[in-house]
Amino acid sequence: MDGLGNPVYFQLSAGNVNDRTKAIDVLSHVGLSGSNVLGDKAYGTVAIREYIASEGATYTIPPKSNTLNPWGCDFHVYKERHLVECFFNKLKHFRRVATRYDKLATSFMAFIYMAAILILSK
């Protein structure tokens with residue numbers, strides 16, 4: 001998502017795959033230089049944070065409560081993450097996306113693109 005909450009890149013994965021395993025792959029498709037990446041606690045792994053820093057960006061990811069070496073997090077900036085959640089909420093208003101009727105990943109992804117276009121055209 002960009003700074004306004006508009007989608008920049010979509011990637012579909014299996015339901016049993018953890019999101020953080022695909023995070024670096026998704027971030028590699030987006031230009032990060034000079035930006036601030038917002039993420040929830042699950043994305044606070046060392047590998048993800050190092051990747052973001054190596055791309056010349058900063059991150060606002062709160063540390064998990066059991067982290068041995070916690071880092072600082074600007075929670076005022078972190079509140080802007082609601083834009084992502086709001087977009088996914090709008091996307092789930094499309095029944096076909098929310099219930100996943102499509103058997104093929106390609107047709108499901110095509111409808112996600114169509115739904116995103118409809119949301120952004122409003």
Side-chain angles (χ1 to χ4, degrees):
M1 301 282 171
D2 64 1
L4 300 175
N6 300 323
V8 177
Y9 178 76
F10 288 109
Q11 186 177 45
L12 191 62
S13 63
N16 61 345
V17 175
N18 191 326
D19 291 343
R20 70 177 174 202
T21 59
K22 298 288 184 179
I24 293 175
D25 186 34
V26 170
L27 289 172
S28 68
H29 288 86
V30 182
L32 295 179
S33 180
S35 63
N36 188 358
V37 178
L38 304 177
D40 61 3
K41 293 179 181 186
Y43 298 102
T45 64
V46 174
I48 294 172
R49 290 185 290 125
E50 285 177 353
Y51 177 77
I52 293 170
S54 71
E55 292 292 314
T58 59
Y59 54 85
T60 304
I61 302 172
K64 292 171 100 174
S65 61
N66 62 351
T67 304
L68 295 177
N69 298 320
W71 56 91
C73 178
D74 185 359
F75 285 98
H76 183 69
V77 174
Y78 182 71
K79 289 181 183 180
E80 295 300 317
R81 208 177 70 77
H82 75 88
L83 293 171
V84 175
E85 302 299 331
C86 289
F87 178 78
F88 279 112
N89 186 22
K90 291 176 189 174
L91 197 60
K92 289 180 181 180
H93 281 270
F94 292 87
R95 184 176 176 201
R96 191 168 173 177
V97 173
T99 56
R100 181 75 198 263
Y101 285 132
D102 299 306
K103 290 186 179 185
L104 298 176
T106 54
S107 58
F108 181 66
M109 195 64 162
F111 192 78
I112 288 177
Y113 285 133
M114 285 178 34
I117 290 168
L118 289 172
I119 292 168
L120 295 173
S121 67
K122 289 184 180 182

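When a residue number appears, it is its place in the shown sequence, counting from 1.
Linking ILVMFWY residues whenever their side-chain heavy atoms come closer than 4.5 Å, directly or via other members, leaves L120 and V84 in distinct clusters. The cluster map of Ile, Leu, Val, Met, Phe, Trp and Tyr, joined by side-chain heavy atoms under 4.5 Å apart, puts M114 and L12 in the same cluster. Taking hydrophobic clusters as Ile, Leu, Val, Met, Phe, Trp and Tyr residues chained together by side-chain heavy-atom distances below 4.5 Å, Y78 does not share a cluster with F87. Transitive grouping of hydrophobic side chains (ILVMFWY, heavy atoms separated by less than 4.5 Å) brings Y113 and F108 into a common cluster. The hydrophobic cluster containing I119 also contains I112, counting ILVMFWY residues as joined when their side-chain heavy atoms lie under 4.5 angstrom apart, directly or transitively.
Side-chain contact between L118 and F94: present, with at least one pair of heavy atoms (C-beta onward) separated by less than 4.5 Å. Looking at heavy atoms from C-beta onward, K64 lies in side-chain contact with T67 at the 4.5 angstrom threshold. At least one side-chain heavy atom of W71 sits under 4.5 Å from a side-chain heavy atom of R49. Contact of the L91 side chain with the F88 side chain is registered, since non-hydrogen atoms from C-beta on lie closer than 4.5 Å. Under the 4.5 Å side-chain criterion, counting only non-hydrogen atoms from C-beta, C73 is in contact with T60.
With hydrogens and angles disregarded, no donor-acceptor distance shorter than 3.5 Å links the side chain of D102 to the backbone of L104.
Within 6.0 Å of atom CG in N66, more than 12 heavy atoms from other residues, nucleotides or ligands are found, so the atom counts as buried in its surroundings. Shown here is R100, whose CZ atom has more than 12 heavy atoms of other residues, nucleotides or ligands within 6.0 Å.
We find the OH-CD1 distance between Y43 and I48 to be 7.5 Å, quoted to the nearest 0.5 Å. Taking OG1 of T58 as the start and CG of L32 as the end, the distance is 10.0 Å to the nearest 0.5 Å. The distance from atom CD of E85 to atom CG of D40, rounded to the nearest 0.5 Å, is 7.5 Å. Separation of atoms CD (E80) and NE2 (H82) is listed at 5.0 Å; rounding is to 0.5 Å.
Closest approach of P62 to G39, counting heavy atoms only: CD-O, 3.4 Å.
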Listing, residues 18-29 side-chain donor-acceptor contacts under 3.5 Å, not counting sequence neighbours, or none:
{"unit_1": "N18", "atom_1": "OD1", "unit_2": "R20", "atom_2": "N", "d": "3.1"}
{"unit_1": "T21", "atom_1": "OG1", "unit_2": "N18", "atom_2": "O", "d": "2.6"}
{"unit_1": "D25", "atom_1": "OD2", "unit_2": "Q11", "atom_2": "NE2", "d": "2.7"}
{"unit_1": "S28", "atom_1": "OG", "unit_2": "D25", "atom_2": "O", "d": "2.6"}
{"unit_1": "H29", "atom_1": "ND1", "unit_2": "D25", "atom_2": "O", "d": "2.8"}

